[in-house]
Amino acid sequence: MIVFFATKNPHKIREVESIKPHWIELEKLPDSIPDAPEYGDTFLENALSKALFYSKQLKAPVIADDSGLVIESLKGFPGIFSSRFMEGESYKRKMEKILKMLEGEKNRSAKFICNAVFSDVERGFVISSKGEVTGNIAEGIRGSEGFGYDPIFIPRGFSETFGELKEEIKNSISHRKKAFEKLFSMLRGLI
Ligand code: ITT
């Protein structure tokens, strides 16, 4: 089954390429397509709006992912603003800012959340799933694997950050892995 991945983030495509089953073939969005609106208050609302917007535009099955880093002692920040926080600045600057906000904080608990959505306006159905990976925010920026906030996130059970762990390890335990594994398995039962 050919499915468009409604994302402009190449790192997400790389990860889902390695997570997806063989019967799913991922197609990139055409360059000419406008950006989907992202006005939701939750990861689910944003994932739904991306998937529905592109599936209507393309008249084809689409998957979308809305995800982010949720830090307990910052009341869930950056959360749905993970990408938009300090927009235009490098992730190094964004991570430095977060580490500064956590200076002296003992509670470093955090999680990555991913809401994945499949939408097919022609067949007339939408399904969604959620994945989380819990862990802690490191004391410094470590490693260059992955993307975004990976170099400051230590998944539970490990001492390395996602920036230090090999991509196969991240892709076997991540929020994205859990969300898309469930999504594809539900989809398998429906088509
Ligand atoms: P699309 O909307 O085009 O998919 P985006 O990167 O803007 O791309 P989101 O709105 O879902 O996507 O924002 C996700 C942000 O959350 C992402 O840019 C990172 O800053 C952070 N994030 C999500 N998953 C992550 C991961 O696996 N590792 C590190 N950071 C992640």
Side-chain angles (χ1 to χ4, degrees), residues 3-19 26-31 33-55 57 62-71 74 76-98 110-119 128 130-138 141-155 158 160-181 183:
V3 176
F4 282 91
F5 190 0
T7 183
K8 304 249 164 142
N9 181 334
H11 301 281
K12 289 184 179 178
I13 300 179
R14 185 180 163 90
E15 291 189 2
V16 177
E17 277 291 354
S18 90
I19 292 165
L26 292 184
E27 193 75 53
K28 284 196 191 123
L29 289 177
D31 289 336
I33 209 153
D35 283 348
E38 222 174 297
Y39 303 131
D41 296 327
T42 62
F43 292 115
L44 177 59
E45 285 172 10
N46 285 332
L48 275 169
S49 67
K50 287 187 236 185
L52 288 165
F53 176 84
Y54 289 116
S55 130
Q57 293 258 332
V62 160
I63 54 166
D65 153 332
D66 202 70
S67 48
L69 178 64
V70 171
I71 302 175
L74 300 181
F77 187 79
I80 58 165
F81 303 105
S82 294
S83 167
R84 289 168 277 169
F85 161 60
M86 288 173 66
E87 205 156 17
E89 300 267 10
S90 67
Y91 270 90
K92 185 171 175 285
R93 297 284 298 276
K94 294 190 193 199
M95 289 187 287
E96 281 167 356
K97 175 73 181 169
I98 285 186
K111 57 189 172 185
F112 272 122
I113 296 182
C114 174
N115 268 96
V117 166
F118 171 92
S119 158
S128 81
K130 185 180 179 184
E132 291 187 3
V133 57
T134 55
N136 284 297
I137 300 297
I141 299 173
R142 289 172 10 208
S144 54
E145 295 283 330
F147 70 101
Y149 300 95
D150 281 340
I152 56 167
F153 181 80
I154 305 171
F158 291 83
E160 301 94 336
T161 65
F162 267 162
E164 294 172 307
L165 290 167
K166 287 205 163 56
E167 62 177 315
E168 301 88 83
I169 298 180
K170 178 183 177 190
N171 290 338
S172 69
I173 59 169
S174 78
H175 50 315
R176 191 159 289 108
K177 155 81 174 179
K178 291 173 187 162
F180 278 99
E181 199 166 61
L183 191 81

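Atoms within a ligand are numbered from 1 in the order they appear, just like the ligands themselves.
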Test side-chain hydrogen bond (donor to acceptor under 3.5 Å, both in side chains) applied to Glu167 - qualifying residues, sequence neighbours left out: Arg14
Check whether the ring centres of Phe153 and Phe112 lie less than 6.0 Å apart, and answer yes or no. yes
Residues in side-chain hydrogen bond (donor to acceptor under 3.5 Å, both in side chains) contact with Asp31, at least two apart in sequence or another chain: none
First-shell residues of ligand 1 [heavy atom, distance under 4.0 Å]: Thr7, Lys8, Asn9, Lys12, Glu38, Lys50, Asp65, Asp66, Ser67, Gly68, Ser82, Ser83, Tyr91, Phe112, Phe147, Gly148, Tyr149, Asp150, Lys170, His175, Arg176
Do the charged groups of Lys170 and Glu15 touch, with an N to O distance under 4.0 Å? yes
By side-chain hydrogen bond (donor to acceptor under 3.5 Å, both in side chains) - contacts of Lys50 (at least two apart): Asp66
Pairing of Lys111 and Glu132 as salt bridge, 4.0 angstrom limit: yes
